[in-house]
There are 2 protein chains.
Amino acid sequence: MQQLAAPLWKTALDKALATYPKQTVVQLASLDPSASIPHVRSLVFREFMTTSDPSQPLILSTTDVRTPKTAQMIANPNVQIAWYIQGTQEQYRIAGKAHIVPAPGDLRKHFMHTISALGLASDYDWEAKRVEAFKKMSPQMKASWCRPVPGSKLEGGQDEAKKWPTELQEPKPGDAEAQRLWDLSLSNFALLIVNPTDVDFVELAPVPNRRTRFWRAADGWHEEALVP
Amino acid sequence: MQQLAAPLWKTALDKALATYPKQTVVQLASLDPSASIPHVRSLVFREFMTTSDPSQPLILSTTDVRTPKTAQMIANPNVQIAWYIQGTQEQYRIAGKAHIVPAPGDLRKHFMHTISALGLASDYDWEAKRVEAFKKMSPQMKASWCRPVPGSKLEGGQDEAKKWPTELQEPKPGDAEAQRLWDLSLSNFALLIVNPTDVDFVELAPVPNRRTRFWRAADGWHEEALVP
């Protein structure tokens, strides 16, 4: 059952997304190893990045590098995504390793050694990819990354929050304040990449329901039918 | 900011569910302690169970007791629920301890010592609650609990799966086969209860967004405004 091409779960997910392109809110679980407590939050799936090896599709999302999940993923890169596509009644549970691509600097150096495992050329331009992803974000989302640290105490209350910028547009030449906010937001913006290794795919529409486990081995993806 | 009554996050969630009663699919993360790997899957929220202490609402869901999450929660009861209500653009992240109420027998004995912490009368009739919840399930869901072990290899393939019952109705007197299937399904059916201790509530509709942390202490729920 070896597959040299893209795995069947990705073909199914591509098809589901072609029909329901807005069903891109996923839940990502990570682990706080210091307390042995699982965490889970909603994220927006942005795209599949394709590597030179089509059997290694990478899930691209984004984050504020200051959120607790970044620290959690440094300590333990094991994550799982639950992705329920209501339109097709399909659930994809995607386990893999998480990788973070923050702004250039010391933190990025910390992360980049893990990125070499992703099947991309060693000179892949991660900074260009990061900036491209940032530019695709809505003006409202861009403004979210120049707030104080997410999850920290709101000093000054909602009155203080009303002073935050609500939208960031690409700065016009000479607009120093707009440039400062843009640079600040971009400095907190990070790519979040999940490299899938095990996928549990449940189809709830057919009777009887179907469930398939996919896992990646050295020779490509394998699959096995499971009891739903 | 002490609250002696139901916590404000529950009031907000009740209100959201009154408007969007179908948005009850939640994602529950648990931990596989043997491998330090987080797991997450979709579940259906069934109801809030109220205890004698209104500050301690319990989240009721259900499961097949044979699924891996049951073993995960024995080993580590810490869980977190991510609940995104699309209609209101609210995300509730609910952390707490999970409790399982399986069929009577040795496994239940193993679990019941944890249940005493739930703020219910010591003679609370858990079996009546379990059977009541089972009866509320759809005939299709009832049939799902008399399949082979969920997540095990599908022996015999889809042809075998086509022999599984697709619906279970309450058995008529004297229908021995219907009674056998009903009893089998009920024996695998378990309540899954989460006792919330910490809730991270994000409101994405207002500008600026709002985020509030709630946590339960000995004197009730406390809250603090956070940076979103």
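Quick caveat, the model's predicted, so the values are computed rather than measured.
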*Mark yes when over 12 heavy atoms from residues, nucleotides or ligands other than B:Gln86 sit less than 6.0 Å from its CD; otherwise mark no.*
no
*Residues which pass side chain to side chain contact (heavy atoms under 4.5 Å, CB included) with B:Glu160, listed by chain and number, not counting sequence neighbours*: B:Lys163
*Report yes if some heavy atom in the side chain of A:Val227 is under 4.5 Å from a heavy atom in the side chain of B:Trp164; otherwise report no.*
yes
*Which heavy atom of A:Pro208 sits nearest a heavy atom of B:Ala161, and at what distance?*
CG-O, 3.5 Å
*State, with a plain yes or no, whether a side-chain heavy atom of A:Ser42 is found less than 4.5 Å away from one of B:Trp83.*
no
*Top residue by heavy-atom pair count (under 4.5 Å) with chain A, among B:Leu154, B:Leu28, B:Val25?*
B:Leu154
*Sort by residue number and list every member of residues 133-153 of chain B having a non-hydrogen atom under 4.5 Å from chain A.*
B:Arg147, B:Pro148, B:Val149, B:Pro150, B:Gly151, B:Ser152, B:Lys153
_Region of A:Ser36 in contact with chain B, defined by heavy-atom distances below 4.5 Å_ = both
_Contacts of residues 65-79 of chain B with chain A (heavy atom under 4.5 Å)_ = B:Asn76, B:Asn78, B:Val79
*Counting distance only, does the side-chain N/O of A:Gln27 pair as donor-acceptor with the main-chain N or O of B:Gln27 below 3.5 Å?*
no
*Considering non-hydrogen atoms only, spot the tightest contact between B:Leu31 and A:Leu31 and give its length.*
CD1-CD1, 3.3 Å
*Of the backbone (N, CA, C, O) and the side chain (C-beta and beyond), which part of A:Ile81 lies under 4.5 Å from a heavy atom of chain B, both, or neither?*
backbone
*Within a radius of less than 6.0 Å around CD of B:Glu167, do more than 12 heavy atoms belonging to other residues, nucleotides or ligands occur?*
yes
*asked:* Once salt bridge (charged side-chain N to carboxylate O under 4.0 Å, His left out) is applied, do any residues pair with B:Arg41, and if so which ones, sequence neighbours excluded?
replied: none
*Shortest non-hydrogen contact from B:Pro38 to A:Ala29?*
CG-O, 3.6 Å
